[in-house]
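What follows is a single structure, written as structure tokens, with notes after it.
In what follows, chains are A, B, ... by sequence order, proteins preceding strands, each numbered from 1. All values below were derived from every heavy atom in this structure, side-chain atoms included, with hydrogens, water molecules and symmetry-related copies excluded. Remember, predicted model here, so these are calculated numbers, not experimental data.
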Amino acid sequence: MKNLIAIFAGLVFGIGLSASGMTDTSKVQGFLDVFGSWDASLLLVLGGALGTTLITFRFLLKRKTPLLAEVFLLPLKTKIDRPLVIGAIIFGVGWALVGYCPGPALAALAYLQWQTVLFVVTMLLGAFVAKRIA
Amino acid sequence: MLENLFAGVNVYYSVTGGLLIGLSATLLLLFNGRIAGITGIVFGIFSQPFGDKLWRWLFLAGLIGGTLSLHFVMDMPIPKASNESLPILIVAGFLVGFGTQMGSGCTSGHGVCGISRFSNRSIFSTVLFILFGVVSMLLFRHGMGVI
């Protein structure tokens, strides 16, 4: 049952990303291009997502346990540390260069374009290296 | 003014897409107790023990399958591939993977789920990666002209 939820949540997430145009790298780059021809799409997507989760998380995190698992597995760190800061900066730079963050890049594998495949391969390599040295 | 701001933006699709992403994150947390952070879910395929792998693969399969099915069902055109150069694609991919692994999350984990938990780490991270995305765009597109 948990596996069924996982695949369903993935489906809904993928439909959300592609319907909102987030698998289109030019739209994401357009959002970051504040000083060029700005594209507000990503702001609306983030607004729609946050508008939902800011409300739903209030209620469901009051529960002692999730419906199908024993515990909520939430991140334990609370301090803003050096890896968080450096990681976010490096991510921001890479994000602007092509217009892919991890979700849309993986979702766009559906289009079978070599550019996306190459991006995802080097992305996984980058994560692997970070895990080794950080 | 408002028409200018949203020129080329499909407001209805963008907001609906966002709501679906919020719904997905809600389902995963409510039923499975998991945070819908793409970085954590997918990079975890390679680092988590065997019993914790299958749901991650299934989520990824759903993510790709959902994208594929949307373009079939809704008759929406498939976006053009990125026209960035080969070195840019390689460097950008590496930076995104490295940065999100090191910084414990990306747009979904920090930007949606983390902010909704009022996590100070996630709020700080989201402001930082958007800020550096905007600055990089200014530098690389308008300054150096490489993208």
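Hydrophobic clustering keeps B:F118 apart from B:I35 (ILVMFWY residues linked when any side-chain heavy atoms are closer than 4.5 Å, directly or through intermediates). Residues A:Y111 and B:Y13 are members of separate hydrophobic clusters, defined by side-chain heavy-atom contacts under 4.5 angstrom among Ile, Leu, Val, Met, Phe, Trp and Tyr. B:F72 and A:I7 end up in different hydrophobic clusters when Ile, Leu, Val, Met, Phe, Trp and Tyr side chains are linked at under 4.5 Å. B:L63 and B:F46 fall within the same hydrophobic cluster, defined by Ile, Leu, Val, Met, Phe, Trp and Tyr side-chain heavy atoms under 4.5 Å apart, directly or through other members. B:I78 is not connected to A:V98 by any chain of hydrophobic side-chain contacts under 4.5 Å among Ile, Leu, Val, Met, Phe, Trp and Tyr, and they are in different clusters.
Interface remark: of the candidates A:G51, A:G21, A:G103, A:A105, A:G103 forms the most heavy-atom pairs closer than 4.5 Å to chain B. The choice from B:G22, B:P79, B:G37 that makes the most heavy-atom pairs within less than 4.5 Å of chain A is B:P79. Of the listed residues (B:V146, B:L23, B:V112, B:V127), the greatest number of heavy-atom pairs within a distance under 4.5 Å of chain A belongs to B:V112. Interface summary for chain B: among A:T25, A:L60, A:L84, the most heavy-atom pairs under 4.5 angstrom belong to A:L84. Heavy-atom pairs under 4.5 Å with chain B were tallied for A:L106, A:T23, A:V34; the largest tally goes to A:L106. Among the candidates A:T116, A:T78, A:L124, the residue making the largest number of heavy-atom pairs closer than 4.5 Å to chain B is A:T78. Among B:C113, B:S69, B:G99, B:S116, the residue with the largest count of heavy-atom pairs under 4.5 Å with chain A is B:S116. The residue among A:R58, A:M1, A:R82, A:E70 with the most heavy atom pairs within less than 4.5 Å of chain B is A:R58. Chain A forms more heavy-atom pairs under 4.5 Å with one residue of B:L28, B:T39, B:N120 than with any other, namely B:N120. Per-residue heavy-atom pair counts under 4.5 Å with chain B were compared for A:L50, A:I5, A:T56, and the maximum is reached by A:I5.
With a 4.5 angstrom heavy-atom cutoff, B:V73 does not touch chain A via any of its atoms. At a 4.5 Å heavy-atom cutoff, A:S26 makes no contact with chain B through either its backbone or its side chain. With a 4.5 Å cut-off on non-hydrogen atoms, B:M76 touches chain A through its side chain but not through its backbone. When heavy atoms are compared at a cutoff of 4.5 Å, A:K27 approaches chain B solely by way of its side chain, counted from C-beta outward. Of the two parts of B:I41, neither the backbone nor the side chain holds a non-hydrogen atom closer than 4.5 Å to a non-hydrogen atom of chain A. Looking at A:L17, the atoms closer than 4.5 Å to chain B (heavy atoms on both sides) sit in the backbone and in the side chain alike. Contacts between B:I115 and chain A at a heavy-atom distance below 4.5 Å involve backbone atoms as well as side-chain atoms. Only the side chain of B:F43 comes within contact range of chain A, with heavy atoms under 4.5 Å apart. Within the 4.5 angstrom heavy-atom criterion, only side-chain atoms of A:F8, from C-beta onward, approach chain B. In this structure, the portions of B:R117 lying under 4.5 Å from any heavy atom of chain A include both its backbone and its side chain. Residue contact with chain B, scored on non-hydrogen atoms closer than 4.5 Å, involves the backbone and the side chain of A:I89 alike. Both the backbone and the side chain of B:L68 come within contact range of chain A, each with at least one heavy atom under 4.5 Å from a heavy atom of that chain. Heavy atoms of A:F13 lying under 4.5 Å from chain B belong to its backbone as well as its side chain. For B:T100, the parts lying under 4.5 angstrom from a heavy atom of chain A are both the backbone and the side chain. Residue contact with chain A, scored on non-hydrogen atoms closer than 4.5 Å, involves the side chain of B:S104 exclusively. Only the backbone of A:V71 comes within contact range of chain B, with at least one heavy atom under 4.5 Å from a heavy atom of that chain. At a 4.5 Å heavy-atom cutoff, A:V121 makes no contact with chain B through either its backbone or its side chain.
Between the CE atom in B:M74 and the CD1 atom in A:I15 there is a gap of 9.5 Å [rounded to 0.5 Å]. Note that the CZ atom of B:F129 and the CH2 atom of A:W95 stand 5.5 Å from one another [nearest 0.5 Å]. Here B:L19 contributes atom CG and A:T52 contributes atom OG1; the two are 4.5 Å apart, rounded to the nearest 0.5 Å. Atom CZ of B:F31 sits about 10.5 Å away from atom CG of A:L4, to the nearest 0.5 Å. Interatomic distance, CG of A:L97 versus CD1 of B:I90, reported as 12.5 Å (0.5 Å rounding). Taking CE from A:M22 and OG1 from B:T107, the interatomic distance works out to 10.0 Å, rounded to the nearest 0.5 Å.
The minimum heavy-atom distance between A:D33 and B:H142, with the atom names listed, is OD1-NE2, 2.6 Å. In plain terms, the two heavy atoms of B:V96 and A:Y100 that are nearest each other are CG2-O, 3.7 Å. Taking all atoms of both residues into account, the shortest heavy-atom contact from B:G66 to A:S18 is O-OG, 4.3 Å. Minimum interatomic distance between A:L44 and B:S14 (heavy atoms only, all atoms of both residues): CB-CB, 3.8 Å. Considering all non-hydrogen atoms of both residues, A:T122 and B:G93 come closest at OG1-CA, 3.2 Å. Closest approach of B:S47 to A:K131, counting heavy atoms only: CB-CE, 3.4 Å.
No side-chain heavy atom of A:F91 sits under 4.5 Å from any side-chain heavy atom of B:L95. For the pair B:E84/A:Q29, a side-chain contact is recorded, criterion being any heavy-atom separation below 4.5 Å from C-beta on. Residues A:F35 and B:V134 form a side-chain contact, since some pair of their non-hydrogen atoms from C-beta on lies under 4.5 Å apart. The shortest distance between side-chain heavy atoms of B:F94 and A:I90 does not fall below 4.5 Å. Residues A:R63 and B:L30 are in side-chain contact: their nearest non-hydrogen atoms beyond the backbone lie under 4.5 Å apart. In this structure, A:V93 and B:V135 have side chains that are not in contact, with every pair of non-hydrogen atoms separated by 4.5 Å or more.
In terms of modelled atom types and a separation under 3.5 Å, the side chain of B:Q101 and the main chain of A:M123 share no donor-acceptor contact. Listed for the B:N32 side chain is a donor-acceptor partner under 3.5 Å among the backbone atoms of A:K2. With A:S20 contributing its side chain and B:G17 its backbone, the two residues share no donor-acceptor pair below 3.5 Å.
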(message) Please determine whether side chain to side chain contact (heavy atoms under 4.5 Å, CB included) holds for the pair B:F98 and A:I133, giving the CA-CA distance in whole Å, both sets of side-chain angles, and the decisive distance to 0.1 Å.
(response) CA-CA 10 Å; B:F98 189 96; A:I133 67 168; 3.7 Å; yes

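Under 4.0 Å is where a charged nitrogen must lie from a carboxylate oxygen, and between B:R121 and A:D81 at least one such pair does.
Other residues, nucleotides and ligands contribute more than 12 heavy atoms inside 6.0 Å of the NZ atom of B:K53.
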